[in-house]
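Residue numbers start from 1 in every chain, and the chains themselves are labelled A, B, ... in the order their sequence lines are given, proteins ahead of strands. Atoms considered below: every heavy atom in the structure, side chains included; atoms not considered: hydrogens, waters and symmetry mates.
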There are 2 protein chains.
Amino acid sequence: MSQQIPEVVIFRLPTYLYILNLLDEENVEIVSSQELGARLQMTPAQIRKDLSYFGKFGKQGKGYNVKLLLSELRRIMGLEREWNMVLIGTGRLGKAILDYSRMTLKGFKYVAAFDIDPALVGEMAGDIAIQHISELPQTIKTKSIDIGVLAVPPSQVQQAVNQLVDCGVKAILNYAPVATQAPKDVRIRKVDPGLVLQTMAYHLQSLGTA
Amino acid sequence: MSQQIPEVVIFRLPTYLYILNLLDEENVEIVSSQELGARLQMTPAQIRKDLSYFGKFGKQGKGYNVKLLLSELRRIMGLEREWNMVLIGTGRLGKAILDYSRMTLKGFKYVAAFDIDPALVGEMAGDIAIQHISELPQTIKTKSIDIGVLAVPPSQVQQAVNQLVDCGVKAILNYAPVATQAPKDVRIRKVDPGLVLQTMAYHLQSLGTA
DNA sequence: GTGTGTGAATGTTTTCACAGCG
DNA sequence: CGCTGTGAAAACATTCACACAC
C-alpha cells in the first residue's frame, strides 16, 4: 500500500494523465495496462506497479475504467484545483512564456506579471497589466500565489528567487539559464531547451562515431 | 574503463559543463569533486564516478583542471561543432522559440524555418525567411540539418515527424503537447512546461496534506 | 479466460571506502 | 597528506510470475 513513492513515478504521472485524456476523448471506457504500455512504449508491469503506489484502480479480468482513473490521477496529482502563478520578468522571454502558456496550460494560471523596469509598469503582457516588482509581496498574499516563474536576466535570478522565498512561495520555475539556490523545502526547476539539445548532440555524435 | 554509459549520466553532463563554464569565468583553475558537489548539490562520489566513465581527468591530491575538463567534456558531448536545426511551424509558439533561442543557445543554430501556410512564405521569423514545408527535403540536404524542432499544432505533429524521419533526421525536439511515434533510432524529446508544473502541483499539494 | 496487484528476482544507479598517486 | 579512480556494497527501480478476483 502507501509507502514512500519514488520520484520517478511522480515524473511519469503526467504521461499517464495525458494518454488517459486522449483515450477519454476517443470515448474509450476501459483500458488495460497492456494497451497503455503499447501506447506509451513502456511495460505493462511498470504501469501497474506505478499505479499501485496510490491505490487499486483496476478490475481483474477487465482493466482500468478510463474516467475513474483519470479523476483519481487528477486528485492524486493535485489538479482538481487551479494553481496561481506569477511571472517575473516581462521582456521578450517573459512575453513568449505567457504566449506559449495560454495555449498549453490547463489548471495553471498566470495572475500577475512583474518587472523591475518602471517604464514597463502599466503596459500589458498578454491580458495582464505589468506591475512593479516592489508590489510583489503584496500581490503574492492577496492573490494567493502558488508558483513563481522566472524570466529575468541571469544576474537578477538569485534576487528574484530570494524575494519569492521570502514571500513564502514554495515552487519556482526558472527559465533563465542559470542555477540558483533556495532552502530545500522550496522546489526549483530549471527549464532549458539548451540542456535537452546538448544530450541530443551527444547521441548524434556517437551515431557518427559508432 | 569504457563500458555502457548510463543514460542518467548523459543527462548530468550538461550540468557539469554549465558549472565548469562558470568556474572558468571566475578564473578558478582547479576544482575538486568536493567543491563541484557543493555547488551542484550532489555527492562528490557521483561526480567522480560519472566522469570516470569517460576517462581519467583529475590529479590525485589536487582535483580537476577546469579548462582541461571543460574541453574534454565539450569533446565528449559533441559540442566542438555546430549543429544545424530547422524549425517547423512559425506561429506564435514557433516565433517565441526562435526568440528565446537567440539568447540561450550556443552551438545550436536555426538555419531554416518552415510553415504549411503559403501566406506566411517569404515573411521573416527573426532573421530567417519562412519557406513552404514542401521545400523541407531539399533544404535538409543542402543545409545538412541535424535536428528538427516542432512547433506545429497537435494535429500536424505526426505528419511533420514523418517528413523529418523520411529526410533522415535523427533528432527531434517537440514543443507541441502531444506524443508522437518514430523509428527507435530517431530520438524524440518532448519539451512541455505543463508537465513540469504538474509534478510541482503534486509536491505542493502533499505539502498541504502532510 | 483475462488482467490486476504484488512479493520476489533481477537489473541499474548511487554510495561507500580505500588503494594508490601526486 | 589530499583527492582521484574504482571495485564492492547498499539502495533503488524495473521486470517477472503468479495468486486471486471478475
Side-chain angles (χ1 to χ4, degrees), chain A residues 1-16 19-20 23 28-73 76 184 199 202-203, chain B residues 1-16 19-20 23 28-73 76 184 199 202-203:
Chain A
M1 272 281 257
S2 198
Q3 0 165 337
Q4 220 341 97
I5 292 154
E7 191 65 20
V8 269
V9 174
I10 308 303
F11 278 114
R12 284 194 290 264
L13 293 182
T15 317
Y16 298 147
I19 204 74
L20 287 164
L23 287 165
V28 175
E29 299 199 345
I30 304 284
V31 69
S32 66
S33 59
Q34 188 73 227
E35 288 165 23
L36 286 172
R39 291 244 197 174
L40 295 172
Q41 318 253 67
M42 39 194 302
T43 67
Q46 179 160 74
I47 293 169
R48 292 203 303 277
K49 167 90 33 175
D50 282 359
L51 294 177
S52 78
Y53 284 106
F54 303 98
K56 304 184 181 190
F57 309 116
K59 288 234 191 320
Q60 286 99 330
K62 294 208 80 182
Y64 300 89
N65 178 302
V66 173
K67 276 193 198 305
L68 175 73
L69 187 51
L70 252 180
S71 76
E72 289 288 351
L73 271 182
I76 290 161
K184 56 194 162 323
T199 68
Y202 172 84
H203 290 291
Chain B
M1 275 277 258
S2 195
Q3 2 165 335
Q4 221 341 96
I5 292 154
E7 191 65 19
V8 267
V9 174
I10 308 303
F11 278 113
R12 284 193 291 264
L13 293 181
T15 316
Y16 297 147
I19 203 75
L20 287 164
L23 287 165
V28 176
E29 299 200 343
I30 304 284
V31 68
S32 66
S33 59
Q34 188 73 227
E35 289 165 23
L36 286 172
R39 290 243 198 176
L40 296 171
Q41 318 254 64
M42 41 195 299
T43 68
Q46 179 160 72
I47 293 169
R48 293 202 303 278
K49 171 73 75 169
D50 282 359
L51 295 176
S52 79
Y53 284 106
F54 302 99
K56 304 183 180 189
F57 308 117
K59 289 232 195 318
Q60 285 100 331
K62 294 208 79 182
Y64 300 89
N65 177 303
V66 173
K67 276 195 199 304
L68 176 73
L69 188 51
L70 251 180
S71 77
E72 288 288 350
L73 270 183
I76 290 160
K184 57 192 161 324
T199 67
Y202 173 84
H203 289 290

Quiz item: Would you say B:K49 reaches C:dC16's phosphate, i.e. side-chain N/O to OP1/OP2 under 4.0 Å?
Solution: no
Quiz item: Does OP1 or OP2 of C:dT2 have a side-chain N or O of A:K59 closer than 4.0 Å?
Solution: no
Give the nucleotide from the list [options] with an atom nearest to the side chain of [X].
X	options	result
B:P6	C:dT13, C:dT15, D:dT6	C:dT13
B:Y64	D:dT4, C:dA8, C:dG5	D:dT4
A:S32	C:dG7, C:dT4, C:dG5	C:dT4

List in chain and number order the residues that pass side chain to side chain donor-acceptor pair (under 3.5 Å) with [X], two or more places apart in sequence or in another chain; answer none if no residue qualifies.
X	value
A:S33	A:R48
A:E7	B:H203
B:E72	B:R75

Exercise. Evaluate the side-chain proximity of B:L23 to B:L70: yes if any heavy-atom separation is below 4.5 Å, no if none is.
Key: no
Quiz item: Taking DNA chain D as the partner, which of residues 33-41 of chain B come within under 4.0 angstrom of it by heavy atom?
Solution: B:S33
Practice problem: Give every residue pair that meets the salt bridge (charged side-chain N to carboxylate O under 4.0 Å, His left out) criterion with at least one member in residues 34-47 of chain A, sequence neighbours excluded. | Solution: A:E26-A:R39
Between N or O atoms, less than 3.5 Å apart, protein on one side and nucleotides 17-20 of chain C on the other: list the pairs.
residue, atom, partner, partner atom, Å
C:dA17, N6, B:R48, NH2, 3.3

Quiz item: Given atom CG of B:N65 and atom P of C:dG22, what is their separation to the nearest angstrom?
Solution: 16 Å
Quiz item: Between D:dA11 atom P and A:Q4 atom CD, what is the distance in whole Å?
Solution: 16 Å
